[in-house]
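Each chain gets a letter, A, B and so on, in the order its sequence line appears, and its residues count up from 1.
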Amino acid sequence: MHVRVHLFARYREAAGREQVDLELPEGDDTVEAAWSAVVARHPELAPYRPFTLFAVGHDYVEADHRLKPGDELLLFPPVSGGL
Amino acid sequence: MHVRVHLFARYREAAGREQVDLELPEGDDTVEAAWSAVVARHPELAPYRPFTLFAVGHDYVEADHRLKPGDELLLFPPVSGGL
Amino acid sequence: MNDIFAVVGHPLSPDAIAAQVDEPGAGGVVIFSGVVRNETGGRPVKFLEYEAHAPMAEAKLREIGAAIRARWPGVRRVAMLHRIGRLEIGESSVLIAVSSAHRGEAFEACRYAIDTLKRTVPVWKKEHFEDGEVWVGLQGG
Amino acid sequence: MNDIFAVVGHPLSPDAIAAQVDEPGAGGVVIFSGVVRNETGGRPVKFLEYEAHAPMAEAKLREIGAAIRARWPGVRRVAMLHRIGRLEIGESSVLIAVSSAHRGEAFEACRYAIDTLKRTVPVWKKEHFEDGEVWVGLQGG
């Protein structure tokens, strides 16, 4: 199942890229699975797992959220807008 | 005892003047006495007594406050600044 | 300190008052603007007139500033301006700005400032209607 | 409605946002401005950079606006702007304005707006120092 992952702010800089295209195996379609697949390619992101916000579309999702084919998963560092 | 009384906003308009000069008898030197003396000359102000704020200098005072010779007493309608 | 407390005869500008409380250590600024409404109790208002006893009004504004300093130590700067004279619909009659290190203090202090101003500062408002005028603050007055 | 929720690349102006929430029935406007501080934890800051995921950021700002409408029915207009890109010390990164018939609602809604924005809107801040740069939001990160 194809999923495109977008990296923001420090994650983009740490990985040196803005997006990662994944093929997730059938039955292993959670956000957590996608995170693991990203970290397999970019181990420098591993330490950030406890701080990471996940989103699909305009909504935050939990790590156990199940992705659908063609979903775009957004990986956010802790937000720090406002001031 | 000489006291100058200043009228503001609706009081000034009701009385048709900005100030009233009073001679208060000895021993009758409270703000209340000054108010009564003003009302004796300008009875149109009488109904406003319950709503009136009294001030001397930059401070609000109570009706039983005792005036000193040369004091200027300020008679304020309810304040309505701000918005 | 550089705090500002004044009764003025010119239009009030949020940009200008924000600049007046700007301070390198302040992270948040809260501004309150009181705006002339187009009606009162359903009756259309043409324009307003504000009158102040300016020396005492400015003294009372300074007292409010001092109380804010005592109660919210994180406040950096305070500016309070009240406009007098004729004001048109939509114009700002009062403008208060508070800057602070942490935004909670700026919100609380700014609200305290306008609430206290309305109770203590000698300013009077006259509403002008199509068919007359009324001093505000005394029903049926 | 005419509410405004946007991520923008240009300087923010309190005058402009006050005008955007101006409304004949509104008697009070509360504005919050988040200002770039000159230091963080005692370390001098040269300038800041803000990045946003703009489509979702604007969606989250709209959600905040909808929540305000539901909770404070006296609110007349809401405007929320977040600036991105490079910001100098003293510039405003976020500007929120709420107008309402009664000022209490404007104060509460404006504070709710900035508090919620800081938790939910995907924006990230990078602090630039004399000798390096740091993304904010993760200690030691």
* To do: Please state whether the side chain, the backbone, both or neither of A:Leu53 comes within less than 4.5 Å of a heavy atom of chain D.
  => neither

* Does the side chain of D:Trp135 come within less than 4.5 Å of A:Pro78's, by heavy atoms? -> no

* Residue-level interface, residues 45-67 of chain D with chain A, non-hydrogen cut-off under 4.5 Å -> D:Tyr50, D:Glu51, D:His53, D:Pro55, D:Met56, D:Ala59, D:Lys60, D:Glu63

* Under 3.5 Å, side chain of D:Trp124 to main-chain N/O of A:Pro77, donor-acceptor pair present? -> yes

* Between D:Lys126, D:Arg119, D:Lys125, which has the largest tally of heavy atom pairs under 4.5 Å with chain A? -> D:Lys125

* Among residues 89-115 of chain D, which ones touch chain A with a heavy-atom distance under 4.5 Å? -> D:Ser93, D:Val94, D:Ile114

* Structure fact -> residues 11-36 of chain A vs chain D, non-hydrogen distance cutoff under 4.5 Å, contacting residues -> A:Arg12, A:Glu13

* Asked: For D:Val136, is it the side chain, the backbone, both or neither that has a heavy atom under 4.5 Å from a heavy atom of chain A?
  -> both

* To do: Mind listing the closest non-hydrogen atom pair of D:Thr120 and A:Val79 along with its distance?
  => N-CG2, 4.5 Å

* Which residues share a side-chain hydrogen bond (donor to acceptor under 3.5 Å, both in side chains) with D:Asp15, sequence neighbours left out -> C:Ser13

